[in-house]
Amino acid sequence: MPDEDKKRAAHRALVDRVLNAEGRASPEQRARAFSNDGLPPPLPTLIGKVATRPAQVTDADFAAAKASGYTEDELFELVICAAVGQTARLYEAGLAALAQATVDGEAG
Amino acid sequence: MRLDILNRGYGPGTNLLFALIRVFSRHPVPDAAKLVFYRPGFYGTRAKEFTHEAMRGPSTWPVADRELMAAYVSKVNESAFCVGAHTATAGQAYQDGAKVQAVLADVETAPIGDALRATLRMLGKLTREGNVGAEDMREVLSAGVSPQQVEDALAVCAAFNTTDRLADAFGFELLSPEGFEAGAKYLLKRGYR
């Protein structure tokens, strides 16, 4: 396997693990955190910040999630899924742009 | 950290390891290290494998350049812990801390080559805006960066966009300058595994 594929394979393995491994949060909740879409309140505040403005996460965001019944282990998993999910979209966008630039270059 | 399980949720073997690290390094165990030891089957093991492959796996980007990319992406994300950690690591790898500071202050005027500058510019846009286009990539390629180097840089960018988010969300405690330098020495010697 070429080295570049080892990097992408290692990334795919991480994505697969956080979405599909046995966990405390359900696979459905983890998928929603990963895609930053469709979680019930108050989670969208915390998960949305993790995805798009992580420096603004506060203690209160975690406190609100815990007060609505989420355990620390569930939040550990959902925050990780949100971070890995947003990053996977960035990575894919970069690789897609590179593929397009490379194909266009060859065509031109 | 903001979750008690990440401060106190470790077994006896891991606690012993943390104690040994404190004794031998004479610094607290960085929160970045603690995170990957918590339920490692869920995140830590595979995160370390991916990060190590991106940062230390085969690439024509030197380790110093990859550490600089990590620091730069972290700066764009305003992730104070990761900026501190990878500013120190890149500075040690180049043996030139001033160069790293110059890049973080202004990538356009920093004393680096056009290929690295164009790559950092693209990684910054991708991190800041969540997207880049073929035109952005053509600019990088025309600066002399190979498609493989772009892929390698995107892997670094992916690894640190994940770590930055977790550092800020879980609230990694900042280290002293000496603590960051000690961590940098470890990362250059042992990598991320």
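Any value given below was found using the heavy atoms of this structure, including those in side chains, with hydrogens, waters and symmetry copies removed.
- Once rounded to the nearest 0.5 Å, the distance linking CZ of B:Arg2 with CD of A:Glu72 reads 12.5 Å.
- In this structure, chain A has no heavy atom under 4.5 Å from any part of B:Asp136.
- Heavy atoms of B:Ala54 lying under 4.5 Å from chain A belong exclusively to its backbone.
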Checklist line | From CA spacing to verdict: side chain to side chain contact (heavy atoms under 4.5 Å, CB included), B:Leu126, A:Leu90 | finding: CA-CA 7 Å; B:Leu126 179 59; A:Leu90 293 182; 4.1 Å; yes

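- Nearest heavy-atom pair across B:Ala169 and A:Val79 is CB-CG1, 3.8 Å.
- In terms of heavy-atom pairs under 4.5 angstrom with chain A, the leader among B:Gly171, B:Ala155, B:Ala80 is B:Ala155.
- The greatest number of non-hydrogen atom pairs below 4.5 Å with chain B, out of A:Lys49, A:Arg89, A:Gln86, A:Glu22, is found for A:Gln86.
- Atom CD of B:Glu78 sits about 8.0 Å away from atom CD of A:Gln56, to the nearest 0.5 Å.
- Taking CZ from B:Phe170 and CD1 from A:Ile80, the interatomic distance works out to 5.0 Å, rounded to the nearest 0.5 Å.
- For the set A:Asp59, A:Leu46, A:Thr52, the entry with the most heavy-atom pairs within less than 4.5 Å of chain B is A:Asp59.
- Under a hydrophobic clustering in which Ile, Leu, Val, Met, Phe, Trp and Tyr are joined whenever their side-chain heavy atoms come within less than 4.5 Å, directly or via other members, B:Phe81 and B:Leu188 fall into different clusters.
- Among all heavy-atom pairs drawn from A:Ala101 and B:Ala134, the shortest one is CB-O, 3.6 Å.
- When the heavy atoms of residues 11-21 of chain A are compared with those of chain B, the residues falling under 4.5 Å are A:His11, A:Ala13, A:Leu14, A:Asp16, A:Arg17, A:Val18, listed by number.
- Within 6.0 Å of atom CD in B:Glu129, more than 12 heavy atoms from other residues, nucleotides or ligands are found, so the atom counts as buried in its surroundings.
- Residue contact with chain B, scored on non-hydrogen atoms closer than 4.5 Å, involves the backbone of A:Ala51 exclusively.
- Checked against side-chain hydrogen bond (donor to acceptor under 3.5 Å, both in side chains), A:Thr58 has the following partners two or more places apart in sequence or in another chain: A:Asp61.
- To the nearest 0.5 Å, the span separating NZ on A:Lys66 from CG on B:Leu3 amounts to 6.0 Å.
- By number of non-hydrogen pairs under 4.5 angstrom with chain A, the leading residue of B:Phe50, B:Phe42, B:Tyr38, B:Phe160 is B:Phe42.
- Contact record, B:Gly130 with A:Ala93: O-CB, 4.3 Å, taken as the closest heavy-atom pair.
- Counting non-hydrogen atoms of other residues, nucleotides and ligands closer than 6.0 Å to CD of B:Glu108 gives a total above 12.
- For B:Arg193, the side-chain contact (heavy atoms from CB on, under 4.5 Å) criterion is met by B:His52, not counting sequence neighbours.
- If you chain together hydrophobic residues whose side chains sit under 4.5 Å apart, B:Val63 and B:Leu104 never meet in one group.
- With a 4.5 Å cut-off on side-chain heavy atoms, B:Leu35 and A:Phe76 count as touching.
- Within residues 25-42 of chain A, the residues having any heavy atom under 4.5 Å from a heavy atom of chain B are, by residue number, A:Arg30.
- Between A:Lys7 and B:Val156, the closest side-chain pair of non-hydrogen atoms is not below 4.5 Å.
- Between B:Asn77 and A:Ala55 the shortest heavy-atom distance is O-CB, 4.2 Å.
- Within the model, atoms CG of A:Asp73 and CD1 of B:Ile5 stand 4.0 Å from one another, a figure rounded to the nearest 0.5 Å.
- If you tally non-hydrogen atom pairs under 4.5 Å between each of B:Val150, B:Leu6, B:Thr127, B:Thr162 and chain A, the highest count goes to B:Thr162.
- Across every non-hydrogen atom of B:Leu154 and A:Gly94, the tightest pair is CD1-C, 3.5 Å.
- Between A:Leu98 atom CG and B:Gln149 atom CD the span is 11.5 Å, to the nearest 0.5 Å.
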